[in-house]
Engineer: 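My structure is below; once you've seen it, I'll send some questions.
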Amino acid sequence: MAYDADVIVIGAGLAGLAATAELVDAGRKVILLDQEPAQSLGGQAHWSFGGLFLVDSPEQRRLRIRDSHALAWQDWLGTAGFDRPEDHWPRKWAEAYVDFAAGEKRSWLHRQGVRLFPVVGWAERGGYDATGHGNSVPRFHITWGTGPGLVAPFERRVRAGAARGLVDLRFRHRVTGLSRSAGSLDTVSGEILEPSDAERGRPSSREVAGAFELRAQAVIVTSGGIGGNHELVRANWPERLGTPPRRMLSGVPAHVDGKMLGIAEAAGGRIINRDRMWHYTEGIDNWNPIWPLHGIRILSGPSPLWLDARGKRLPVPLFPGFDTLGTLEHIMRTGHDHTWFVLTQKIIEKEFTLSGSEQNPDLTGKSIREVLGRARAGAPGPVRAFMDHGADFIVERSLTDLVRRMNELTGEPLIAEDALRGEIVARDREIAHPFTKDLQVTAIRGARKYLGDRLIRTAAPHRLLDPKAGPLIAVRLHILTRKTLGGLETDLSSRVLADGGAPLPGVYAAGEAAGFGGGGVHGYRSLEGTFLGGCLFSGRTAGRAAARAVS
């Protein structure tokens, strides 16, 4: 039987595009399959903020950030917490990825036209000791053009390959099986779905119009994770994170359902670290949703007061932007799924950014003029839209009215005004002098010593009950599903491994389907800015390895 291509790539997200681009450079013929319509090319990466983890970059050095490979590796190990026998390959992938982030990653992207916003963000600050979780220094580099700007060069390379006759783009092809016709897994079968003009991210038709069967010397699985499948998220929810939420928002479209992982496992691939996952705790209902249960994450500076459902401050160091999964674990042990930010107009104007390409039209559209407009008074346009239309936002002049509406929103009198007022007044007293025992106040003052935070991310410390800083704002926060940190176990050539550790013949995996490398390169937690980079690095590795393997 003749082969239909040298390699079949399953999934046209960022990892699939990176793998296909490398195969094109090697002169290989590729069939790129995706169940969604052509308008969804680029997958989840299109919706992203475009954050990239880089180490000792020119952008960092210009801002007087002293970073190093040794410091980044210390932070990675402290965050990942590798402690299982199956962490053998994830740890090796982590070493290779930190080498990449401290080495050729920036120059490789720069050669393809990727440019970076000059201010480096400081995500996942940790707040424990030097060997614990978190970034010791700012490392979150925003792509100029956000997610679409990062997808664009790889899409161009793939479409150039299609123009040369090397890439066959086949959308609306849903894979249902992997099988052997020779020694390796060389046959991909599935269903052809009817054409759909659904806009990117919106649910597309699942009506079946036909079937397909294709053969190639190698298959690369880049189909993503399980974040859109809440049933599967709950089934894999780890006991260490408490009881699974009764209600979650989705940070990814519904088609991110994890079905291809099950297909690869049924074909003999080994999935490891199923219970490692990454979900955000600052999700809000999108007032203008694209997919079902569409949530948006608030990327906040360190100043909002973070309260549990009953109005009690979250414990140290669970401040905005410090420890995502530590916060999630705490929330899920309170008996409630939601929390609150309480802040002022002065804080929201400087500290609130919404994650996602569509929520940052200035950066996505590469408009210098609009970016400079962020320095003007007033909240950014997308944030103002949520203040006006978002179901989770409450704006009031008095704390009495704020608390009343908070309780009305949840339908339960969970928050006592006197107790909350006591929390806020006590915190406000700590602002009145240069000394403090309140570690959040210390964190705010420390953040403002970094020029990037002082300029655009951290408001000057002030009393929350100062009328001149108002009005007061409360934001109800939900759990927002996002990333699968475990996945198909792969060696450093992206070959999928079977039980026992031998490679599954002819099968490779990359991106979220492979836990961004090895079956879980992040371990238990992420340093942020590492998901897109993990797709690129593992996709590039898989494409190059498959190109070498086929004749």
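Everything numeric here is computed off the predicted structure, so don't read it as measured data. Hydrogens, waters and symmetry mates play no part in the numbers below; they use all other heavy atoms, side chains included.
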Engineer: Going by heavy atoms in the side chains, are Leu307 and Arg313 under 4.5 Å from each other?
Structural biologist: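 Yes, side chains in contact.
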Engineer: So if I apply the side chain to side chain donor-acceptor pair (under 3.5 Å) rule between Thr436 and each of Arg445, Glu430, Arg427, which one comes out positive?
Structural biologist: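 Testing each of Arg445, Glu430, Arg427 against Thr436, the sole residue satisfying side chain to side chain donor-acceptor pair (under 3.5 Å) is Glu430.
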Engineer: Taking the six-membered ring for Trp, are the ring centroids of Trp306 and Phe319 within less than 6.0 Å of each other?
Structural biologist: no
Engineer: Which word best sums up how the rings of Phe516 and His522 line up, parallel for under 30°, tilted for 30 to 60°, or perpendicular for over 60°?
Structural biologist: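 If you compare the ring of Phe516 with that of His522, the planes turn out perpendicular.
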Engineer: How about Trp144 and Phe49: are their ring centres within less than 6.0 Å of each other?
Structural biologist: no
Engineer: State plainly whether the residues Asp275 and Arg84 are in salt-bridge range, i.e. N to O under 4.0 Å.
Structural biologist: yes
Engineer: Once salt bridge (Lys or Arg N to Asp or Glu O under 4.0 Å) is applied, what residue pairs with a partner in residues 118-144 remain, sequence neighbours excluded?
Structural biologist: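 Applying salt bridge (Lys or Arg N to Asp or Glu O under 4.0 Å) to every pair that reaches into residues 118-144, excluding sequence neighbours, yields Asp67-Arg139, Asp75-Arg139, Arg125-Asp453.
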Engineer: When you look at Arg270 and Glu489, which way does the salt bridge (Lys or Arg N to Asp or Glu O under 4.0 Å) test go after all the steps?
Structural biologist: CA-CA 6 Å; Arg270 183 186 185 208; Glu489 186 179 27; 3.0 Å; yes
Engineer: side-chain hydrogen bond (donor to acceptor under 3.5 Å, both in side chains) between Arg156 and Gln112: does it pass, once the steps are laid out?
Structural biologist: CA-CA 10 Å; Arg156 283 196 298 269; Gln112 298 181 70; over 6 Å; no
Engineer: Anything under 30° is parallel, anything over 60° is perpendicular, the rest tilted; go ahead and classify Phe100 against Phe537.
Structural biologist: parallel
Engineer: Would Arg540 and Trp108 count as a cation-pi pair here, with the cationic atom under 6.0 angstrom from the ring centre and within 45° of the axis?
Structural biologist: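 Checked: cation-pi criterion met.
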Engineer: So, Gln74 side chain and Ala130 main chain: donor-acceptor pair closer than 3.5 Å or not?
Structural biologist: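 Such a contact is found between Gln74 side chain and Ala130 backbone.
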Engineer: Could you check Val120, Leu455, Thr458 and say which one makes a side chain to side chain contact (heavy atoms under 4.5 Å, CB included) with Tyr450?
Structural biologist: Val120
Engineer: Any chance NZ of Lys346 has more than 12 other-residue heavy atoms, nucleotides or ligands included, within less than 6.0 Å?
Structural biologist: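 Yes, because the 6.0 Å sphere around NZ of Lys346 holds more than 12 heavy atoms from other groups.
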Engineer: Do Thr541 and Ser493 come within less than 4.5 Å of each other through their side chains, counting heavy atoms only?
Structural biologist: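 Thr541 vs Ser493: side chains apart.
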Engineer: Is there a donor in the side chain of Arg374 and an acceptor in the side chain of Asn360, or the other way round, less than 3.5 Å apart?
Structural biologist: yes
Engineer: Between Arg457 and Glu349 (salt bridge meaning N to carboxylate O under 4.0 Å), is one present in this structure?
Structural biologist: no
Engineer: Side chains of His478 and Arg476, heavy atoms from C-beta outward: is any pair under 4.5 Å?
Structural biologist: yes
Engineer: Establish, from distance only, whether the side-chain atoms of His294 and Ser250 form a donor-acceptor pair under 3.5 Å.
Structural biologist: no
Engineer: Hey, is Lys312 close enough to Asp308 for a salt bridge, meaning N to O under 4.0 Å?
Structural biologist: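 Not counted as a salt bridge, because no side-chain N and carboxylate O are separated by less than 4.0 Å.
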Engineer: Start with the C-alpha distance between Arg369 and Asp362, add both sets of side-chain angles, then the distance that settles salt bridge (Lys or Arg N to Asp or Glu O under 4.0 Å), and finish with yes or no.
Structural biologist: CA-CA 8 Å; Arg369 180 181 177 183; Asp362 51 352; over 6 Å; no
Engineer: Quick one: are the ring centres of Tyr524 and Trp278 less than 6.0 Å apart?
Structural biologist: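 No; Trp278 has its ring centre 6.0 Å or more from that of Tyr524.
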Engineer: Are the charged groups of Lys105 and Asp56 less than 4.0 angstrom apart, N to O?
Structural biologist: no
Engineer: Is there a side-chain hydrogen bond (donor to acceptor under 3.5 Å, both in side chains) between Thr146 and Ser357 once you walk through the steps?
Structural biologist: CA-CA 6 Å; Thr146 66; Ser357 56; 4.7 Å; no
Engineer: If we only count heavy atoms from C-beta on, is the Trp340 to Leu477 side-chain gap below 4.5 Å?
Structural biologist: no
Engineer: Does CZ in Arg64 sit with more than 12 non-hydrogen atoms of other residues, nucleotides or ligands closer than 6.0 Å?
Structural biologist: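 Atom CZ in Arg64 is not packed in, count stays at 12 or less.
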Engineer: Ignoring hydrogens and angles, tell me if any N or O in the side chain of Glu351 forms a donor-acceptor pair with the backbone of Ala459 under 3.5 Å.
Structural biologist: yes
Engineer: Using the salt bridge (Lys or Arg N to Asp or Glu O under 4.0 Å) rule, take Glu528 and Arg482 through it: C-alpha gap first, then chi angles, then the decisive distance, then the call.
Structural biologist: CA-CA 12 Å; Glu528 286 285 32; Arg482 202 53 159 256; over 6 Å; no
Engineer: If we count only N and O atoms by modelled type, under 3.5 Å, do the side chains of Thr79 and His133 hold a donor and an acceptor together?
Structural biologist: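 Side chains of Thr79 and His133: pair found under 3.5 Å.
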Engineer: Does CG belonging to Leu372 count more than 12 external heavy atoms closer than 6.0 Å?
Structural biologist: yes
Engineer: Less than 4.5 Å apart, side chain to side chain, heavy atoms only: is that true for Val119 and Ile456?
Structural biologist: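 Yes, side chains in contact.
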Engineer: Could Arg274 and Glu86 be called an ion pair, given the rule that one side-chain N must be under 4.0 Å from one carboxylate O?
Structural biologist: no
Engineer: Taking only residues two or more places apart in sequence, or in another chain, which ones meet Trp122 in a ring pair (Phe, Tyr, Trp, His ring centres under 6.0 Å)?
Structural biologist: none
Engineer: Under 3.5 Å, is there a donor-acceptor pair between the side chain of Lys483 and the main chain of Ser526?
Structural biologist: no
